J.: 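Supplied in C-alpha cells, the structure appears directly below.
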2 protein chains.
Amino acid sequence: MTQINFRPADGVKGAPTSCANCRLIDICLPLSMQLDDIDRLSRIIQHRRPLQKNQYLYRVNEPFRSIYAVRSGTVKTTILSESGHEKITGFYLPGELVGLDGIAENRYTCSVVTLETTSVCEIPFVQIEALSAQMPSLQRNVLQMLSREISHDQQRISLVSKSSAEQRIAALLVSLSRRYEARKLAAHEFSLPMSRTDMGNFLGLTVETVSRVLSRLQSQNTIHLNRKELRILDFALLLEIAEDSR
Amino acid sequence: MTQINFRPADGVKGAPTSCANCRLIDICLPLSMQLDDIDRLSRIIQHRRPLQKNQYLYRVNEPFRSIYAVRSGTVKTTILSESGHEKITGFYLPGELVGLDGIAENRYTCSVVTLETTSVCEIPFVQIEALSAQMPSLQRNVLQMLSREISHDQQRISLVSKSSAEQRIAALLVSLSRRYEARKLAAHEFSLPMSRTDMGNFLGLTVETVSRVLSRLQSQNTIHLNRKELRILDFALLLEIAEDSR
DNA sequence: GCCGAAAATTGATTTGAGTCATGACAAGTG
DNA sequence: CACTTGTCATGACTCAAATCAATTTTCGGC
C-alpha cells in the first residue's frame with residue numbers, strides 16, 4: 001500500500017510548515033497568491049493530528065469556527081434527512097475545502113466524516129476575515145473557493161440525477177479520475193476511497209446495483225477492479241457511458 | 001391570474017428604487033443590513049426590463065460581470081453535458097441569487113433561462129467588490145449568500161438522489177412550498193413555475209413518470225393539481241413521502 | 001493465525017420506471 | 001375559424017433496478 005504523502009514539508013513533526021511547500025498549492029486556497037501573502041496565510045493555519053477512519057471532523061449544527069482543507073486522505077459530507085437517515089452529498093479529496101456551508105448560519109449544515117486516515121489544515125474563520133481585510137488576494141481567493149464549490153455542487157447535481165445506474169457510476173469514476181489528474185496523480189489507476197455502500201448512498205442506488213454495475217464494467221473491459229484498486233482501461237468509453245444521455 | 005407584484009416601489013417606471021422598499025428584503029442580499037448601507041447598495045443595482053418566458057439571462061462561458069437577484073418570476077439554471085444535453089441544476093424564486101458560480105473562473109459555468117416573465121436586479125460584481133471593501137456588512141452578506149447557496153446545493157443533491165420517483169417529486173414540492181412560505185406567500189397553494197419536462201429533467205425522471213406520479217398523488221388526495229395550479233392537501237403526508245427513506 | 005463481524009458479490013424474483021404509442025386539451029398562428 | 005404545435009395524461013409492454021436471500025471475501029481484534 002504505497003500511500004502518497006501530502007505532508008507539506010519534511011520538517012520535524014508538528015513543526016510549523018508553510019503552504020509554500022505544499023504540493024497542493026496549485027489547487028488549494030493559496031492558489032496564485034504571492035509568496036509573502038502565502039506566508040501570512042500559513043501562519044493562521046493550524047495543523048491537526050491526523051484523524052483515523054470514520055471519525056467526524058465536525059457535525060451538523062455545531063457552531064462554525066473554521067474551514068478545513070483536506071491535506072491527505074478523503075472525507076465525505078453528509079446531511080441528515082428529517083427521518084434521521086444520513087445522506088452523502090459529496091466526497092472531498094486533498095486540496096478541497098469543507099466547512100464553507102457554515103458561514104451563512106454560523107453553524108455547519110452538514111457533517112464531515114473521514115473515509116480513511118485523513119489530515120486537514122484548519123483555518124479559523126475569524127482570522128480569515130481579519131486577514132482578508134488587509135489582503136485583497138486572500139479575500140478574492142476565499143470568494144473564488146466558495147464560487148468554485150457552487151460550480152462543483154452543480155456538477156454533482158447533474159451527476160446524481162443521471163437516469164441510469166451505469167451513467168451515474170461511470171460519471172462518478174470519471175469525476176474522481178479527473179480530480180486525481182488535477183492533483184498530478186495517476187488518473188487511470190487509483191484506489192476508490194469510499195465503500196460500495198457510500199457510493200450507493202451518494203448516487204441513490206442500492207449496494208447490490210453498485211456492485212453489479214462495477215462487475216459489468218469490468219467484464220466489458222472498461223475498468224479493472226480489485227477490491228478498491230481501480231484501473232480505468234477505457235476512459236473514452238467510460239466518459240461516453242457517463243455523458244451519453246437520452 | 002393574480003400575479004403578485006414584486007416591484008420594489010410604486011415610483012415612476014424606470015425611476016431609481018431602493019432595496020429598502022422591496023418586500024424581499026428579509027431574504028435577499030441586503031438581509032439584516034443597516035438602512036444607510038442598504039441605500040448605498042441600492043445605488044449600484046441596475047433594474048433591467050423584464051424578460052419574457054424562455055429567455056436567457058446569460059449563457060455558460062459568457063464573461064462574468066454581474067450577479068442577479070430574481071425580483072419576480074422564476075428561472076432555471078442549466079449546464080451542458082459533454083454530449084450536448086442540457087441538464088437543469090436548479091430553480092430560483094424571487095429573492096434568490098444566480099450568477100455566483102461565475103466568480104471563480106470569471107465566466108459563468110451555467111446558463112440561466114426564465115420559466116415565465118421574470119425581472120431581475122443586476123448587481124455588477126466589480127462594484128460589489130469595491131463597495132464591500134468599505135462596507136463590512138456587505139462583504140459579510142456576500143459571503144453568506146455564497147455559503148447559503150452551497151447549503152442549498154447540498155439539499156438539492158440529496159433531493160435528486162432520492163431513490164424513488166415519488167420521493168423526488170414529493171421532495172421538490174415540499175421544497176417549493178417552504179420557499180414560498182419563506183416569502184410570505186401561500187405555502188399550500190401556488191402555481192408550479194416549471195413544465196413537467198423541466199421537473200423530469202431536474203429530477204432525472206421521464207415526463208411520463210412525472211405525470212403519472214402527480215396523478216397518483218392527486219388520486220390519493222395528497223395534492224390537487226389543475227394544469228399548473230397546485231394545492232397541497234396533506235402536507236404532512238407529502239413530507240413523509242419525501243423523507244421516508246429506506 | 002483464527003475468529004467473528006462487516007462488506008461485497010452473486011442469484012432469483014418482484015416491482016417500478018422507461019419506452020412507445022395514442023389521445024386530450026390548451027395556446028398560438030395564418 | 002380551422003389548423004398546427006406543444007404540453008400533458010394514460011395505457012400496454014419491456015427492461016432495469018430494488019428486494020430478498022445466500023454465499024464469499026475482507027478486515028479488525030484477540
Side-chain angles (χ1 to χ4, degrees), chain A residues 1 3 52-55 76 85-86 88 113-117 160-173 191-220 223-230 241-242 244-246, chain B residues 1 52-54 76 85 88 113 115-117 160-173 191-220 223-230 241-242 244-246:
Chain A
M1 173 146 7
Q3 177 81 20
Q52 298 299 310
K53 184 175 173 171
N54 284 323
Q55 303 294 303
K76 61 180 173 187
H85 200 78
E86 256 192 4
I88 296 169
V113 183
T114 57
L115 294 177
E116 55 191 320
T117 303
V160 299
S161 72
K162 284 181 190 297
S163 33
S164 80
E166 209 166 45
Q167 277 194 312
R168 283 184 240 183
I169 288 175
L172 175 59
L173 299 183
S191 182
L192 292 174
M194 74 291 287
S195 68
R196 308 286 194 266
T197 308
D198 281 346
M199 288 180 68
N201 181 315
F202 175 60
L203 297 173
L205 302 171
T206 59
V207 210
E208 294 94 323
T209 300
V210 172
S211 182
R212 271 188 263 267
V213 170
L214 288 174
S215 299
R216 201 188 317 154
L217 289 172
Q218 174 150 233
S219 71
Q220 294 164 184
I223 63 172
H224 181 271
L225 189 57
N226 184 322
R227 184 124 192 81
K228 304 212 155 181
E229 298 306 316
L230 174 73
I241 294 169
D244 213 50
S245 58
R246 67 194 153 121
Chain B
M1 169 132 29
Q52 298 299 310
K53 183 175 173 173
N54 284 324
K76 62 181 173 186
H85 201 78
I88 297 169
V113 183
L115 294 176
E116 55 190 321
T117 303
V160 299
S161 72
K162 284 181 189 297
S163 32
S164 80
E166 210 166 44
Q167 277 194 314
R168 283 184 239 184
I169 288 175
L172 175 59
L173 299 183
S191 182
L192 291 175
M194 74 291 285
S195 67
R196 309 285 193 269
T197 307
D198 281 346
M199 288 180 67
N201 181 315
F202 175 60
L203 298 172
L205 301 171
T206 60
V207 210
E208 293 95 323
T209 301
V210 172
S211 182
R212 271 188 264 264
V213 170
L214 289 173
S215 298
R216 200 188 316 153
L217 289 173
Q218 175 150 234
S219 71
Q220 294 164 184
I223 63 173
H224 180 272
L225 190 56
N226 184 321
R227 189 139 185 77
K228 302 213 157 181
E229 298 305 316
L230 175 73
I241 293 169
D244 213 49
S245 58
R246 46 173 183 147

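As a basis for the values below, the full set of heavy atoms in this structure was taken, side chains included, without hydrogen atoms, waters or symmetry mates. Source: prediction; values computed, not measured.
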J.: Over how many whole Å does the gap from K162(A) atom NZ to dA17(C) atom P extend?
T.: 20 Å

J.: Quick one: L225(A) CG to dT9(C) C1', roughly how many Å, whole number?
T.: 12 Å

J.: Which nucleotide, dT10(D), dT10(C), dA17(C), lies nearest any side-chain atom of A165(B)?
T.: dA17(C)

J.: Would you kindly give the CG-to-P distance between N201(A) and dA8(C), to the nearest whole Å?
T.: 13 Å

J.: Just how far is it from atom CD of Q55(A) to atom CD of E116(A), taken to the nearest 0.5 Å?
T.: 13.5 Å

J.: For the pair made of CZ in R216(B) and C1' in dT10(D), what is the distance, rounded to whole Å?
T.: 13 Å

J.: May I ask you to evaluate whether S163(B) reaches the phosphate of dA18(D), defined as a side-chain N or O under 4.0 Å from OP1 or OP2?
T.: no

J.: Answer yes or no: does a side-chain N or O of T206(B) lie under 4.0 Å from OP1 or OP2 of dG18(C)?
T.: yes

J.: What closest approach, in Å, do I88(B) and F202(B) show between heavy atoms, and which atom pair accounts for it?
T.: O-CD1, 3.4 Å

J.: What's the angle between the local helix axes at either end of the helix from dG1(C)-dC30(D) to dG30(C)-dC1(D), using five pairs per end and rounding to 10 degrees?
T.: 50°

J.: Which heavy-atom pair separates S163(B) from R168(B) by the least distance, and what is that distance?
T.: O-NH2, 3.5 Å

J.: Do the side chain of R196(B) and the base of dG6(D) come within less than 3.5 angstrom through a donor-acceptor pair of N or O atoms?
T.: no

J.: Would a 4.5 Å heavy-atom cut-off, applied to side chains only, mark K228(A) and P193(A) as touching?
T.: no

J.: Could you give the CG-to-C1' distance, from N54(B) to dA27(C), as a whole number of Å?
T.: 14 Å

J.: Expressed in angstrom and rounded to an integer, what is the separation of L217(A) atom CG from dA16(D) atom C1'?
T.: 15 Å

J.: Who are the side chain to side chain donor-acceptor pair (under 3.5 Å) partners of T197(B), not counting sequence neighbours?
T.: none

J.: Is S215(A) close enough to dT10(C) that one of its side-chain N or O atoms is under 4.0 Å from OP1 or OP2 there?
T.: yes

J.: Can you tell which of dA8(C), dA17(D), dT10(D) lies closest to the side chain of S211(B)?
T.: dT10(D)

J.: Sugar-phosphate means primed atoms, P, OP1 and OP2; the rest is base. With that split, encode nucleotides 24-30 of chain D 5' to 3' as B, S or - using protein heavy atoms under 4.0 Å.
T.: --SS---

J.: Does T209(A) place a side-chain N or O at less than 4.0 Å from the phosphate oxygens OP1/OP2 of dA18(D)?
T.: yes

J.: Under the 3.5 Å rule, do the base of dG11(D) and the side chain of R212(B) count as making a donor-acceptor pair?
T.: yes

J.: Whole-Å distance between dA8(C) P and I169(A) CD1?
T.: 13 Å

J.: In chain order, what residues pass the side-chain contact (heavy atoms from CB on, under 4.5 Å) check against R212(A), with sequence neighbours excluded?
T.: E208(A)

J.: Evaluate the side-chain proximity of L205(B) to V213(B): yes if any heavy-atom separation is below 4.5 Å, no if none is.
T.: no

J.: Between P on dA8(C) and CG on L230(A), what's the gap in Å once rounded to a whole number?
T.: 14 Å

J.: Determine whether a donor-acceptor pair (one donor, one acceptor, N or O, separation below 3.5 Å) exists between the side chain of E208(B) and the base of dC8(D).
T.: no

J.: For the side chain of S195(B), counting heavy atoms from C-beta on, which of dC8(D), dA17(D), dT9(C) is nearest?
T.: dC8(D)

J.: Could you grab the distance from atom CG of L230(B) to atom CG of L192(B), nearest 0.5 Å is fine?
T.: 5.0 Å

J.: Mind checking what makes side chain to side chain donor-acceptor pair (under 3.5 Å) contact with T209(B), not counting sequence neighbours?
T.: T206(B)

J.: Could you pull out all residues at least two apart from R216(B) that satisfy salt bridge (charged side-chain N to carboxylate O under 4.0 Å, His left out)?
T.: E166(B)

